[in-house]
Amino acid sequence: MLDFAIFAVTFLTALLVAIIWLYPSSKKVTSIPGLDPSTTEDGNLSDIARAGSLHEFLVSAHEQYGPITGFWWGQVYVVSIASSDLFKQHSAVFDRPCELFKLFEPMIGPLSIQFANGADGRKRRQYYDRAFEHEKLQTYFESFQKVAKTVEKKWAQKGEQDHIPLCEDMYSFAIKAALLVLMGESFQDDKLVLSIRNAYDKAWSEMEHRLTDPVIPDESSPRMKQFNEAKKYLHNTIQKVVEHRKEHNLKKQGQLLIDEILELSTSEEQTVSDALTYLVGSFHTTANLLSWCIYFLATHKDVQEKVYKEVKKVLGDEGSVSDTNYGQLSYMNQVLNETLRCAVVAPWGARVQDFDSELGGHKIPKSTPVIHAFGVVLQDAKLWPLPNKFDPDRFSAANSKNRSSFAFSPFGFAGKRKCPGHKFSYLESTVLLATLIRKYNISLLDDQVVQPVYGLVTHPQEEIWVKISKRG
């Protein structure tokens with residue numbers, strides 16, 4: 001009888017453990033604290049949608065569970081980390097989890113470097129990174145200045161009561177600059193640049209929509225027709241660049257990014273995919289960085305005045321930003337850093353390993369995507385007191401001295417796969433800001449409320465309208 005009782009208790013205990021372990025609402029895969037799936041099929045995707053964005057979901061999850069937490073991306077278990085110490089532990093990982101970025105595949109194509117891991121991904125990055133080496137960046141200043149002058153001249157025609165569409169002008173600048181120095185085409189026609197922007201907006205909004213709503217509409221729906229037309233336009237634009245360089249024998253290894261891509265490419269599809277990935281990556285980050293930066297300058301006149309005085313001191317009345325004086329614009333650099341932090345321009349990234357590993361004392365099963373919650377760390381009050389306050393002095397030499405480099409990783413950090421254009425973005429942003437701030441005092445339109453949308457890159461919900469007055 002006693003043996004039967006022991007057997008019964010043991011059996012019931014084992015059954016209870018099995019039920020808890022296997023039941024869909026409690027899929028235990030590691031000791032990491034976190035959320036159970038809300039539904040068997042969608043995991044926590046509905047929770048992400050209710051939060052408003054993945055970034056806002058991660059903020060809430062890390063507030064509740066700490067610097068490491070887990071949740072379900074559909075039926076895939078995902079870990080998220082949000083501390084400089086955990087970032088450091090994961091800093092050598094190169095490969096990206098393709099399933100988290102799969103939603104962008106319809107736009108950039110399955111052969112994009114975005115999905116390239118292992119030896120192929122490393123080789124492509126090694127080649128393409130040559131377009132962003134210091135020696136190449138030195139040659140871009142003149143082109144950036146040329147495009148910045150077109151914005152300055154456009155603004156010169158505005159009166160003090162005119163309303164200037166800030167985001168539109170920043171996108172126009174960033175697209176022209178990227179096409180000029182990376183693809184070899186300046187596209188001075190503003191209508192053409194606007195067409196590229198409109199196509200990008202339509203295609204990108206569809207991709208970001210799928211971050212919170214994985215249901216893909218029918219191919220015959222107006223939404224998909226709009227997306228397919230926009231995608232076709234972007235692909236055709238890249239194809240014209242490629243054909244132009246081939247037709248005029250302009251291809252020369254190491255000359256431009258597009259030439260590096262052509263040198264290594266195994267197919268026309270890969271060429272277009274990689275070129276489009278880099279083109280969009282180069283202008284959408286910079287355009288939003290500039291939009292948010294000028295917004296903060298317009299709403300913080302004391303900061304704008306300090307930038308103006310530094311620009312006047314370093315460049316004088318007519319000088320241009322160059323490789324020799326760029327490093328002297330230290331406060332400008334602080335302003336850009338604080339913009340990236342305060343606006344959370346790049347909220348998250350992700351990596352994956354094909355073997356079991358350990359992170360923060362927890363086992364990470366192989367093939368588990370690990371999200372790097374940059375935005376959570378950039379808004380961590382323990383690292384950044386009053387995190388919602390815009391204060392470029394956080395990045396002064398004295399205040400940065402004892403801060404971990406992993407506390408500020410707005411362009412990623414892991415596996416030598418940091419955003420390749422991070423220095424490129426700083427350079428062109430500095431050139432444009434110096435050009436405009438020296439000439440104009442910028443103000444925000446009265447009674448305007450600017451709300452962020454946290455997608456893969458954080459952008460304003462609506463156009464930001466500014467007005468200007470000429471200095472001196």
Side-chain angles (χ1 to χ4, degrees), residues 45 54 73-76 78 93-129 182-183 196 199-200 202-221 223-243 257-258 260-285 348-354 367-371 412 414-415 417 419-421 455-457:
L45 291 177
L54 178 58
W73 188 284
Q75 298 185 37
V76 177
V78 176
V93 184
F94 177 84
D95 288 348
R96 277 199 178 107
C98 295
E99 58 264 48
L100 297 197
F101 299 96
K102 201 76 172 176
L103 70 164
F104 296 103
E105 185 180 298
M107 178 179 173
I108 58 179
L111 298 184
S112 166
I113 189 174
Q114 183 83 344
F115 309 112
N117 288 326
D120 177 44
R122 292 176 187 275
K123 184 177 181 179
R124 283 202 241 175
R125 271 302 300 261
Q126 184 180 7
Y127 263 73
Y128 303 167
D129 282 358
L182 300 180
M183 303 295 164
I196 295 173
Y200 156 79
K202 292 172 183 176
W204 194 257
S205 64
E206 173 61 31
M207 297 299 92
E208 289 198 331
H209 186 84
R210 298 181 191 183
L211 274 172
T212 54
D213 182 5
V215 179
I216 300 173
D218 186 83
E219 282 292 323
S220 61
S221 67
R223 194 173 119 191
M224 281 305 293
K225 285 182 178 179
Q226 176 178 269
F227 166 72
N228 287 326
E229 287 175 3
K231 179 182 75 171
K232 182 179 180 181
Y233 181 84
L234 291 171
H235 280 244
N236 287 344
T237 299
I238 295 295
Q239 190 59 48
K240 287 177 182 178
V241 172
V242 172
E243 291 172 356
L257 172 64
I258 188 63
E260 299 287 7
I261 293 173
L262 284 167
E263 184 71 23
L264 198 62
S265 180
T266 57
S267 68
E268 182 178 293
E269 183 182 356
Q270 182 181 310
T271 298
V272 173
S273 290
D274 280 354
L276 181 59
T277 299
Y278 271 82
L279 177 62
V280 171
S282 64
F283 73 70
H284 78 167
T285 301
W348 61 278
R351 293 291 185 270
V352 69
Q353 292 174 283
D354 60 359
S367 303
T368 300
V370 176
I371 287 177
R417 203 169 186 168
C419 173
L456 196 67
V457 172

Please find the pair of heavy atoms, one from [X] and one from [Y], that lie closest to each other, and give the distance.
| X | Y | answer |
| --- | --- | --- |
| F94 | G121 | CZ-C, 3.6 Å |
| M183 | L257 | CE-CD2, 4.4 Å |
| G109 | F115 | O-CE1, 3.3 Å |
| W73 | E99 | NE1-O, 4.1 Å |
| A203 | L234 | CB-CD1, 4.3 Å |
| S267 | L111 | OG-CD1, 3.8 Å |

Flag the pair [X] / [Y] as yes when at least one side-chain heavy-atom distance between them is below 4.5 Å, and no otherwise.
| X | Y | result |
| --- | --- | --- |
| V280 | I108 | no |
| D274 | S265 | no |
| P110 | E269 | yes |
| V93 | V352 | no |
| Y127 | K123 | yes |
| Q114 | M107 | no |

Atom pair [atom1]/[atom2] of [X] and [Y] - distance to nearest 0.5 Å:
| X | Y | atom1 | atom2 | result |
| --- | --- | --- | --- | --- |
| M207 | E105 | CE | CD | 10.0 Å |
| N228 | Q226 | CG | CD | 10.5 Å |
| I258 | E260 | CD1 | CD | 10.5 Å |
| L100 | I371 | CG | CD1 | 5.5 Å |
| Y278 | L182 | OH | CG | 10.0 Å |
| D120 | T266 | CG | OG1 | 7.5 Å |

Exercise. Given T271, which of L262, L276, V241 fulfils the side-chain contact (heavy atoms from CB on, under 4.5 Å) condition?
Worked result: L262
Exercise. Looking at residues at least two apart in the chain, or sitting in another chain, which of them share a ring pair (Phe, Tyr, Trp, His ring centres under 6.0 Å) with W204?
Worked result: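 For W204 the ring pair (Phe, Tyr, Trp, His ring centres under 6.0 Å) partners, ignoring immediate neighbours, are F104, Y200, H284.
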Exercise. Centroid-to-centroid, F101 to W348, below 6.0 Å?
Worked result: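 Distance test on ring centres: under 6.0 Å, yes.
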Seminar exercise, completed: Hits for side chain to side chain contact (heavy atoms under 4.5 Å, CB included) against N117, two or more places apart or cross-chain, chain-then-number order -> D95, R96, C98, R417
Exercise. Under the side chain to side chain contact (heavy atoms under 4.5 Å, CB included) test, which residues partner S221, sequence neighbours left out?
Worked result: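 S221 satisfies side chain to side chain contact (heavy atoms under 4.5 Å, CB included) with P217, R223, M224 only.
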For this session: Would you confirm whether S282, through its side chain, and L279, through its main-chain N or O, come within 3.5 Å as a donor-acceptor pair?
Result: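 Yes, the answer is positive, given that a donor and an acceptor are paired below the 3.5 Å cut-off.
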